[in-house]
**Student:** 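Let me begin by handing over the structure; questions about it come next.
Quantities reported herein were computed from a predicted structural model and do not represent experimental measurements.
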Amino acid sequence: MPWFYLGGLDLEEYTLPELPYAYDALEPHIDEQTVRLHHDRHHQGYVNGLNATLKRLAEGRTAGDFSAVKALMKDLAFHGSGAALHNLYWEGLCPTSESREPKSGAFLNQAKRDFGSLEALKAELSAATKAVEGSGWGVLTWELLGNRLLVLQAENHQKLTIWGVRPLFVIDAWEHAYYLKYQNRRAEYVDNIWNIANWAEIERKFKAVE
Ligand SMILES: [Fe+2]
């Protein structure tokens with residue numbers, strides 16, 4: 001299984017992955033209408049933007065014209081990160097009935113080593129997500145130089161990243177992820193995310209890098 005599925009693995013064109021559950025599967029913590037808009041419109045928009053940017057880059061390459069390269073590199077990172085982070089977001093969630101915190105295993109041991117406890121990891125990721133300036137993400141990563149779990153923020157989609165981390169779990173802090181149901185109460189949305197965290201998927205990703 002790939003690290004996470006970006007769609008269009010032949011690289012001809014990226015595609016929007018289907019949700020791994022029904023649109024209403026994350027109720028009551030994330031409402032069906034938000035999931036529909038978020039997946040079908042916003043996530044699709046990043047996939048479309050990524051494809052359009054790659055097309056323009058290819059056209060410039062063929063013409064030997066790199067005059068637009070600065071703007072295109074920005075678009076590439078923005079839409080590429082937007083597409084990838086949303087895949088991670090949907091994969092990292094599941095219905096409440098399936099969200100079970102690990103009671104043992106390698107991931108839990110690592111979380112205890114790097115954060116003291118799973119509760120402390122959740123508290124730090126929640127706090128980082130709530131405190132994102134403007135639109136962005138909270139990201140649980142595997143940092144490859146120090147071999148450790150690390151919480152990071154990403155502003156927009158692509159800023160504040162450390163090269164050499166593997167994201168394990170992300171929390172979308174863009175208003176489109178929560179505004180219909182929670183309005184400006186971002187903190188309440190973030191706290192409720194833990195009711196639908198797909199720990200089995202987090203452990204699978206951790207096992208693949210550890
Ligand atoms: Fe989003």
Side-chain angles (χ1 to χ4, degrees), residues 1-26 29-61 68-94 125 128-130 132-141 152-163 165-182 186 189-190 193 196-198 201-202 205:
M1 191 188 263
W3 177 249
F4 56 88
Y5 182 62
L6 199 53
L9 291 177
D10 57 3
L11 296 184
E12 287 294 318
E13 189 153 86
Y14 291 94
T15 55
L16 179 70
E18 295 278 316
L19 282 179
Y21 33 73
Y23 287 102
D24 63 357
L26 305 178
H29 306 293
I30 302 180
D31 57 293
E32 177 177 352
Q33 197 186 1
T34 295
V35 174
R36 278 191 187 281
L37 282 167
H38 197 174
H39 177 267
D40 295 0
R41 303 278 178 231
H42 291 280
H43 192 175
Q44 180 76 65
Y46 298 121
V47 173
N48 294 347
L50 176 58
N51 285 326
T53 306
L54 287 170
K55 190 160 171 273
R56 290 187 62 201
L57 273 171
E59 287 165 0
R61 206 178 295 134
V69 75
K70 186 177 172 189
L72 288 173
M73 288 294 137
K74 269 184 102 165
D75 286 350
L76 185 63
F78 180 80
H79 291 296
S81 290
L85 284 168
H86 281 93
N87 285 11
L88 279 154
Y89 180 67
W90 301 123
E91 286 173 4
L93 303 178
C94 65
L125 181 52
T129 307
K130 293 171 191 175
V132 169
E133 194 174 300
S135 300
W137 298 77
V139 187
L140 174 65
T141 69
L152 292 170
Q153 289 179 331
E155 285 182 359
N156 296 347
H157 301 304
Q158 75 280 32
K159 295 178 195 164
L160 304 184
T161 302
I162 295 179
W163 294 107
V165 300
R166 300 297 289 270
L168 302 176
F169 178 69
V170 298
I171 307 177
D172 195 339
W174 282 58
E175 286 185 343
H176 66 226
Y178 61 87
Y179 210 81
L180 288 180
K181 184 176 171 69
Y182 295 95
R186 179 193 277 186
Y189 153 75
V190 171
I193 276 285
I196 48 175
N198 187 345
E201 178 63 21
I202 296 167
K205 287 192 168 75

**Student:** Do the non-hydrogen side-chain atoms of L76 and L50 ever get within less than 4.5 Å of each other?
**Tutor:**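 SC-SC contact between L76 and L50 confirmed.
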**Student:** Applying side chain to side chain contact (heavy atoms under 4.5 Å, CB included), name anything that partners T34, two or more places apart in sequence or on another chain.
**Tutor:**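 Once residues adjacent in sequence are excluded, the partners of T34 under the side chain to side chain contact (heavy atoms under 4.5 Å, CB included) criterion are I30, D31, L180.
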**Student:** For A197 versus C94, what's the shortest heavy-atom pair and its separation?
**Tutor:**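 The pair with the smallest heavy-atom distance is O-SG, 3.6 Å.
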**Student:** Could you state the interatomic distance from OH (Y21) to CD1 (I196), rounded to the nearest 0.5 Å?
**Tutor:**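 Separation between the atoms: 7.0 Å.
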**Student:** Any heavy-atom pair between the side chains of V190 and Y182 that's under 4.5 Å?
**Tutor:**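 Side chain of Y182 against side chain of V190, heavy atoms only: no contact under 4.5 Å found.
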**Student:** Could you verify whether a donor N or O on one side chain and an acceptor N or O on the other, from H79 and N48, lie under 3.5 Å apart?
**Tutor:**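 No pair is found: no donor N or O on one side chain lies under 3.5 Å from an acceptor on the other.
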**Student:** Tell me the closest heavy-atom pair linking G138 and T129, and the distance in Å.
**Tutor:**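 Shortest heavy-atom contact: CA-OG1, 3.3 Å.
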**Student:** Tell me whether H39 contacts the main-chain N or O of E18 through its side chain, where contact means a donor paired with an acceptor under 3.5 Å.
**Tutor:**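 A pair under 3.5 Å: no.
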**Student:** What residues form a side chain to side chain contact (heavy atoms under 4.5 Å, CB included) with K74, not counting sequence neighbours?
**Tutor:**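 Here no residue qualifies.
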**Student:** Looking only at non-hydrogen atoms, find the nearest pair between V132 and A154 and report the distance.
**Tutor:**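 In terms of heavy atoms, the two residues are closest at CG1-O, 4.2 Å.
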**Student:** Which heavy atom in H43 sits nearest to a heavy atom in P17, and how many Å separate them?
**Tutor:**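 Scanning both residues completely, I find the closest heavy atoms to be CE1-CD, 4.2 Å.
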**Student:** Taking atom CZ of R41 and atom CG of L16, what is their separation to the nearest 0.5 Å?
**Tutor:**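 Answer rounded to 0.5 Å: 11.0 Å.
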**Student:** Is the shortest side-chain heavy-atom distance between Y23 and D40 below 4.5 Å?
**Tutor:**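 They are in side-chain contact.
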**Student:** Please list, chain by chain and in numerical order, all residues satisfying side chain to side chain contact (heavy atoms under 4.5 Å, CB included) with D24, sequence neighbours excluded.
**Tutor:**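 Applying side chain to side chain contact (heavy atoms under 4.5 Å, CB included) to D24 gives A22, E27, E32.
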**Student:** Is there a side chain to side chain contact (heavy atoms under 4.5 Å, CB included) between L57 and M73 once you walk through the steps?
**Tutor:** CA-CA 9 Å; L57 273 171; M73 288 294 137; 3.8 Å; yes
**Student:** How would you list all residue pairs meeting salt bridge (Lys or Arg N to Asp or Glu O under 4.0 Å) that involve residues 168-182, not counting sequence neighbours?
**Tutor:**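 Every candidate salt bridge (Lys or Arg N to Asp or Glu O under 4.0 Å) pair involving residues 168-182 fails, so no pair, neighbours aside, qualifies.
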**Student:** Under the rule for ring-ring contact (aromatic ring centres under 6.0 Å, His included), what residues qualify as partners of H176, not counting sequence neighbours?
**Tutor:**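 Partners of H176 under the ring-ring contact (aromatic ring centres under 6.0 Å, His included) test: H38, H42, H86, W174.
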**Student:** Keeping the roles fixed (side chain from R186, backbone from Y178), state whether a donor-acceptor pair exists under 3.5 Å.
**Tutor:**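 Not at all, since once roles are kept as given, no pair shorter than 3.5 Å links the two residues.
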**Student:** Measure the shortest side-chain to side-chain distance between F169 and L125 over non-hydrogen atoms and say whether it is less than 4.5 angstrom.
**Tutor:**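 Yes - at least one pair of side-chain heavy atoms lies under 4.5 Å apart.
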**Student:** Could you tell me if the side chain of K205 sits less than 4.5 Å from the side chain of R166, heavy atoms only?
**Tutor:**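 They are not in side-chain contact.
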**Student:** Looking at L26 and L93, what are the two nearest heavy atoms and their distance?
**Tutor:**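 Heavy atoms of L26 and L93 come nearest at CD1-CD1, 4.0 Å.
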**Student:** Check whether more than 12 heavy atoms from other residues, nucleotides or ligands sit under 6.0 Å from atom CD of E59, and answer yes or no.
**Tutor:**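 Buried by this count: over 12 neighbours within 6.0 Å.
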**Student:** Could you report the tightest heavy-atom contact between A177 and Y189, atom names first, then the distance?
**Tutor:**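 Nearest pair, atom of A177 first, then Y189: CB-OH, 3.6 Å.
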**Student:** Please enumerate all residues that pass side chain to side chain contact (heavy atoms under 4.5 Å, CB included) together with A68, with sequence neighbours excluded.
**Tutor:**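 Partners of A68 by the side chain to side chain contact (heavy atoms under 4.5 Å, CB included) criterion, ordered by chain and then number, come out as R56, L72.
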